[in-house]
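Structure record follows, encoded as structure tokens.
These numbers come from a predicted model, not from an experiment. All chains are named by letter (A, B, ...) in the order of the sequence lines, taking the proteins before the strands, and each is independently numbered beginning at 1.
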Amino acid sequence: MTNQEVARLLRNVAAAYSIKDEKKHIFQIIAYQKAADAIYNLPHELKDVLRERTQEKIPGVGPSILSHLEELFAKGRVKHFEEIMKGIPPSVFPLLKVTTLGPKKAYKLTSHLKLNNPDTIVDDLIIAAQKNKIAGIPTFGEKSQADILRALEEYKLGKIKANRMPLPYAFELARKTEEYLRKSKFAEQVFPLGSLRRMMATVGDIDFAVATKQPKEIINHFINYPGTERVIEKGEASSSILVSGGRQVDLMVQDPDSFGSLLQHFTGSKYHNVALREFALKKGMSLSEYGVKVRIGKKQELKKFKTEKDFYQFLGLDWIIPEMRENKGEIELAIKHNLPKIVELKDIRGDLHIHSSYPIEPSHDLGKDTMQQMLGKSRSLGYDYIAFSEHNPGITNHSKNQIYSILAKRSEYIEQLKESNKGIRIINLLEVDILPSGELAMDDKSLDYVEAAIVSVHSVFSTPRQKMTKRVLRGLSNPKAKILAHPSGRLINQREEYELDWDEIFDFALKHNKAIEINAWPTRLDLTDTLVDQARKMGVKFVIDTDSHASYQMDNMFYGVSVARRGWCTKKDILNTLPYEQFYKWLTG
DNA sequence: GCCGTTTTCGGCCCGACTGTTTTCAGTCG
């Protein structure tokens, strides 16, 4: 069972509790939901954590739930869960994934209509709605019947929250919406918030906050956004629309005097906010998007904040960068004024993973721009150094001597470039395939023509974990191999990551002074933030690269840095923040 | 059911929006 499946099961238990008696079980419900969240976000497979009996406990999972989980993995079922779920049609649970349906509505629908088959429930319910059978159920009416029907149809079309888009795409969508919102003369400030501001690798909804004295005007302007497919909600303080492509955009508006509180609230994350509110509560304060309620004598007074910094400071905390707001210890550090200084885009001094159009006759795709064009771009970015790292020449269509000759010519060409471009240091790298055997696609003589190698997996992805780990480590063990590129192999929404024993990979990297790449390609963004965090804690070093195949793509560095920031990296964790001499010493050492 | 910078007992985040049951339940972020 995967972590996601376990989390789903725990959420179902919580749903069953709330169907049976929400008031009576309210705290169990919260506990099960918290445990589900914790397991969903766990960096390791729960199965492994339980087996290895690591003493590191999972926050939110106490002795009771832990024993249930052990029973789950030992026997495949949990007696206690079965008892809680007894009497609830199994068809309730698939419905929980449909928006606007929660446990109560799902239960009312399935039990009134006597629809018990979990495999067909969505279609069964669509038919029931079409036959006008939902409107007659107590607490449901014509409007809710129509809403449920649409929600079910959208669910079938795959317009579910789980479908998140890669961060750079979300940025583009947000940019358009932001431009539109700024057109209103009543918008004093416009900010994209939520997971976008926290720079998560994938984004679901796009969130916006607007500071205004005229909330009604702004909300009316918002729902008239040209891309609007449907208005989901429209109130006095907030509104949501569905834009073309099935993306949801949420808006919250507020008076400029309280805008700092709204920024904080709407940036999240939910876990950060909940933890922050629990902390404030202990100090007798209550937090919301309007400000901080403080008890003065018998009266409650609302303190307002124009900026986020003021808000955090009032609570006694340092301002926390959005990327860290996930309740992973940042609140405690902010209280102690001990937050780390996180790496920034301006700290980056070079890009090492660049595919030019040099005719290397590669195993995979060639870049579109010449080395000269790429150099021009890196100059405009203010870099001190860049490395060219095209894919190795194809090994099926070239003899060894042909490969030597191609690499020799390329090396000569790069040497000439070095001579004529004194302002920026150029490094001769190569991206070399790690073959299924673990051997590198280039032999040692080929590697003599480059200063170091980036190694990566580009084929046979579905390999068992132990075998894949061995393969990668063998490739990485070549003395010339210094960087493991896009280490998980995932392509967001296209291809799952392959399986690796990360502890072993990180151990090896640490011992042998290899760097793990954080790849800034929009659909890669891997190593992922949680693994970055894990590796960083062990002392592993990273490089952040764009993997550019055209010069404009070198701007993607921003997204790679955001992954490092979410993994709490400081400058010293990222090797390409080093000055050239130090960096080169590591690379060739 | 979980947890501890008041606590191993007694608490547990806060508010918006919608439809329907004209005062609230359900869902969402």
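A salt bridge between A/K104 and A/E22 is present, with a side-chain N of the basic residue lying under 4.0 Å from a carboxylate O of the acidic one. Using a cut-off of 4.0 Å between Lys/Arg side-chain N and Asp/Glu carboxylate O, A/R325 and A/E308 are scored as salt-bridged. The pair A/K79-A/E83 does not meet the salt-bridge criterion, since no charged nitrogen lies less than 4.0 angstrom from a carboxylate oxygen. One finds no salt bridge joining A/R247 and A/D205 here, because no Lys/Arg side-chain nitrogen approaches an Asp/Glu carboxylate oxygen to under 4.0 Å.
Using a 4.5 Å cut-off on side-chain heavy atoms (C-beta onward), A/I88 and A/K20 make contact.
The gap from the P atom of B/dT20 to that of B/dG26 amounts to 14 Å, rounded to the nearest Å. B/dC17 and B/dC12 are spaced 25 Å apart, taking the C1' atom of each and rounding to whole Å. B/dT8 and B/dG1 are spaced 15 Å apart, taking the C1' atom of each and rounding to whole Å. Remark: the separation of the C1' atoms in B/dA25 and B/dT21 is 9 Å, to the nearest Å. Atom C1' of B/dC2 sits at a distance of 14 Å from the matching atom of B/dT7, rounded to the whole Å. Taking the P atom of each, B/dC13 and B/dG4 are spaced 14 Å apart, rounded to whole Å. Nucleotides B/dA16 and B/dG11 place their C1' atoms 26 Å apart, quoted to the nearest Å.
Residue contacts shown for A/I65 are limited to sugar-phosphate atoms, with no base heavy atom under 4.0 Å away. Within the nucleic acid shown, A/H272 has no heavy atom closer than 4.0 Å to any nucleic acid atom. A/L281 comes within 4.0 angstrom of the backbone, heavy atoms only, and of no base.
Relative orientation of the A/F191 and A/F259 rings is tilted, given thresholds of 30° and 60° on the angle between their planes.
We find that CD1 of A/I26 is positioned 12 Å from C1' of B/dG1, with the value rounded to whole Å. With rounding to whole Å, A/E278 atom CD is found 11 Å from B/dG4 atom C1'. Whole-Å rounding puts the A/K34 NZ to B/dC3 P distance at 8 Å. We find that CG of A/D250 is positioned 13 Å from C1' of B/dT27, with the value rounded to whole Å. Between the CD atom of A/Q33 and the P atom of B/dT27 there is a distance of 11 Å, given to the nearest Å. Atom CZ of A/F279 and atom P of B/dC12 are 16 Å apart (whole Å). With rounding to whole Å, A/L276 atom CG is found 16 Å from B/dC12 atom P. For A/L333 and B/dT5, the CG to P distance is 14 Å, given to the nearest whole Å.
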Self-check item: Footprint string (nucleotides 15-20 of chain B, 5' to 3'): B base within contact, S backbone only, - free, heavy atoms under 4.0 Å
Solution: SSSSSS
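Taking 4.0 angstrom as the limit, A/K270 places none of its side-chain polar atoms (N or O) nearer than this to OP1 or OP2 of B/dC28.
A distance of 6.0 Å or more separates the ring centres of A/F81 and A/Y17. The aromatic ring centroids of A/F305 and A/F314 lie less than 6.0 Å from each other.
Side chain of A/A31, nearest nucleotide from B/dC12, B/dC2, B/dG29: B/dC2. Ranking B/dT6, B/dC12, B/dC2 by closeness to the A/P63 side chain, first place goes to B/dC2. Of the listed nucleotides (B/dC13, B/dC2, B/dT7), B/dT7 has the atom at the smallest distance from the side chain of A/K282.
When each of A/L96 and A/G284 is assigned the nucleotide of DNA chain B bearing its nearest heavy atom, the one mapping closer to the 5' terminus is A/G284.
In this structure, B/dT27 forms a base pair with B/dA16, meeting either the Watson-Crick or the G-U wobble geometry with both donor-acceptor distances under 3.5 Å.
In this structure, A/R8 is not positioned above the aromatic face of A/F93 in the sense of NZ or CZ being under 6.0 Å from the six-membered ring centre and within 45° of the axis.
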